[in-house]
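We count ligands from 1, going down the list as the structure has it; atoms in each ligand are counted the same way.
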Amino acid sequence: MTVTEPSTSRAAEILSRPVTINGLTVPNRIVMAPMTRSFSPGGVPGEDVRSYYARRAAAGVGLIVTEGTYVGHESAGQSDSIPRFHGEEQLAGWARVAEDVHAAGGTIVPQLWHIGMVRKQGDPPVADAPAVGPSGIRLDGTEGAGRAMTRADLDAVIGAFAEAAAAAERIGFDGVELHGAHGYLLDQFLWAGTNRRTDGYGGDPVARTKFTAELVAAVRAAVSSEFPVIFRYSQWKAENYDARLAETPQELEAILTPLAEAGVDAFHASTRRYWVPEFDGSDLNLAGWTRKLTGRPAITVGSVGLDGDFVRAFMGEGAPVQGIDNLLDRLERDEFDLVAVGRALLQDPQWAAKVLSGRFTDLQPYDAAAVRNLS
Ligand SMILES: Cc1cc2nc3c(=O)[nH]c(=O)nc-3n(C[C@H](O)[C@H](O)[C@H](O)COP(=O)(O)O)c2cc1C
């Protein structure tokens, strides 16, 4: 595919505008998408993780959303190399990450995560912590590998997210992002495929949103009123790319409105290709619909700067570089406010600097080997 290059001044002019999310001013429109890296033994982000994020901030990324980091609940996640957002040593590591990103001129929020019923094949169960989810159902519809959450579980998980958000503010982060996407715990509540509850937390889209709205309200209450709370969600699930939370804008509105009312300041609408219209009859993508329906700032994502599908790329296929003219057009029309970049930034820490200074021919195609190191 030929790279059509926007003029340097157009890309720089549009992407360099600051934007406000509640009390936070993000210096430009470029966001680093959250990407699990598994380089934090014992859940503690170390020196290498600090410089990995600081390098991207120094090169012009306006807002970094960290990789998903487990909240302090026994069933939040199983991996020992994925960072955690609880515990003294873990939070001390994170405080230094935030400090370095700020020193480099960027802003940063942790992505707070609970995996719910998701288990990779072969993952050992954590002792005394079975997989939990709204109905004990896995994304593929099977039962038996976990259990439905009790009222006590719901309260404990809400408490864990609220504590992590309070910790984020205390140790110097600029806000939080709640991971409600890709089939993990919060998405398991939102999606009818994994939520069969009959206690008021399942049923129609509003009932399926009840748990997450309560969680957002608890997070909101645990932090200052100007501290940004971002909510990431998706239609697709990690094991089911055709799944949809909402078939119509009305259904989407039924889910997003209670979340906005509970205190979400901005939404991060995760799609695999940002240029794909979400519903028939309109060119708007998912972030565009989100902004239109909620009035909140929206972050778009999905193959920005790349011509390819991130799932295939993650499985080992590369992705060539693609122009960003269509993206700039949409930003200029205020379809959405910020643009998250995943693989292109994994591949090239200098991606933002190159785009902002018009060095488009220096952009690198994505090579899946980038996942294996923390450069
Ligand atoms: C290696 C890798 C790890 C990821 N980990 C996360 C994660 O922890 N949380 C999350 O919400 N999304 C995660 N994603 C999805 C990205 O945030 C992003 O939405 C996706 O890569 C599409 O953007 P891109 O096409 O610019 O790469 C991950 C993606 C990749 C490639």
Side-chain angles (χ1 to χ4, degrees), residues 29-40 43 45 49 52-53 56 61 63-71 76-79 81-85 109-116 118 120 176-187 190 230-239 241 267-276 285-287 298-322 324 326-327 336 338-348 351-352 355 363-375:
R29 305 301 174 110
I30 302 176
V31 176
M32 180 171 179
M35 282 177 286
T36 296
R37 305 309 320 278
S38 307
F39 283 99
S40 299
V49 176
Y52 161 76
Y53 286 120
R56 276 130 182 112
V61 170
L63 172 64
I64 287 170
V65 182
T66 72
E67 60 207 286
T69 160
Y70 298 148
V71 297
Q78 294 182 301
S79 164
S81 56
I82 287 179
R84 296 177 221 156
F85 216 80
V109 300
Q111 189 188 51
L112 304 181
W113 190 21
H114 187 303
I115 65 174
V118 173
K120 283 198 216 98
V176 288
E177 177 171 285
L178 310 178
H179 193 344
H182 308 165
Y184 295 104
L185 182 69
L186 305 187
D187 196 22
L190 299 177
I230 303 171
F231 186 78
R232 189 173 222 221
Y233 80 101
S234 63
Q235 298 263 39
W236 66 272
K237 319 292 158 218
E239 296 169 33
Y241 304 120
F267 287 92
H268 189 170
S270 171
T271 50
R272 292 153 69 200
R273 299 174 206 88
Y274 74 85
W275 57 88
V276 175
N285 74 7
L286 188 63
I299 306 170
T300 197
V301 67
S303 303
V304 171
L306 298 175
D307 180 15
D309 176 327
F310 97 86
V311 175
R312 277 190 293 124
F314 195 45
M315 310 281 285
E317 291 178 35
V321 174
Q322 187 211 43
I324 59 166
N326 179 290
L327 182 79
F336 38 72
L338 293 127
V339 174
V341 180
R343 288 164 298 150
L345 262 173
L346 203 58
Q347 174 72 35
D348 185 357
W351 189 89
V355 167
L363 293 174
Q364 304 170 9
Y366 177 69
D367 176 347
V371 174
R372 291 195 286 276
N373 64 66
L374 200 64
S375 58

* To do: Give the minimum heavy-atom separation between Arg372 and Phe39, together with the two atoms involved.
  =>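 In terms of heavy atoms, the two residues are closest at O-CZ, 3.5 Å.
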* **Within-shell test, Gly302 vs ligand 1, heavy atom, strictly < 4.0 Å** =>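 The answer is yes, since Gly302 has a heavy atom less than 4.0 Å from ligand 1.
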* Is Leu306 in contact with ligand 1, taking contact as a heavy-atom separation below 4.0 Å? ->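 False for this residue.
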Taking the side chain as every heavy atom from C-beta outward, state whether [X] and [Y] have any atom pair closer than 4.5 Å.
X: His182; Y: Trp236; answer: yes
X: Leu186; Y: His114; answer: no
X: Ile230; Y: Leu338; answer: no
X: Arg37; Y: Leu346; answer: yes

Which atoms of ligand 1 are found less than 4.0 Å from any heavy atom of [X]?
X: Arg343; result: 24 (P), 25 (O), 26 (O), 27 (O), 31 (C)
X: Ser303; result: 24 (P), 25 (O), 26 (O)
X: Gly68; result: 8 (O)
X: Val301; result: 19 (O), 23 (O)
X: Gln111; result: 7 (C), 8 (O), 9 (N), 10 (C), 11 (O)

* Under the side-chain contact (heavy atoms from CB on, under 4.5 Å) rule, what do Phe85 and Thr66 come out as? Steps first, then yes or no, please. => CA-CA 11 Å; Phe85 216 80; Thr66 72; over 6 Å; no
* If you measure from atom 19 (O) of ligand 1 to every heavy atom of Arg232, His182, His179, Met35, which option wins on shortest distance? ->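 Ranked by closest heavy atom to atom 19 (O) of ligand 1, first place is Arg232.
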* Which is closest to atom 26 (O) of ligand 1 by heavy-atom distance: Ala370, Ala33, Gly342? ->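 Minimum heavy-atom distance to atom 26 (O) of ligand 1 goes to Gly342.
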* Apply salt bridge (charged side-chain N to carboxylate O under 4.0 Å, His left out) to Arg29 and list each qualifying residue two or more places apart in sequence or on a separate chain. =>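 With neighbours one apart ignored, the set is empty.
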* Examine the proximity of ligand 1 to Thr36 and report which part, side chain or backbone, both or neither, has a heavy atom under 4.0 Å away. =>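 Answer for Thr36: both.
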* Nitrogen or oxygen of Pro34 less than 3.5 angstrom from that of ligand 1 ->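 Yes; at least one N/O pair falls below 3.5 Å.
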* To do: Using distance alone, decide if ligand 1 has a nitrogen or oxygen within less than 3.5 Å of any nitrogen or oxygen in Trp113.
  =>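 So ligand 1 has no N or O lying under 3.5 Å from an N or O of Trp113.
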* Can you tell which of Thr300, Val65, Val61 makes a side chain to side chain contact (heavy atoms under 4.5 Å, CB included) with Val31? ->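 Among Thr300, Val65, Val61, the one that satisfies the side chain to side chain contact (heavy atoms under 4.5 Å, CB included) with Val31 is Val65.
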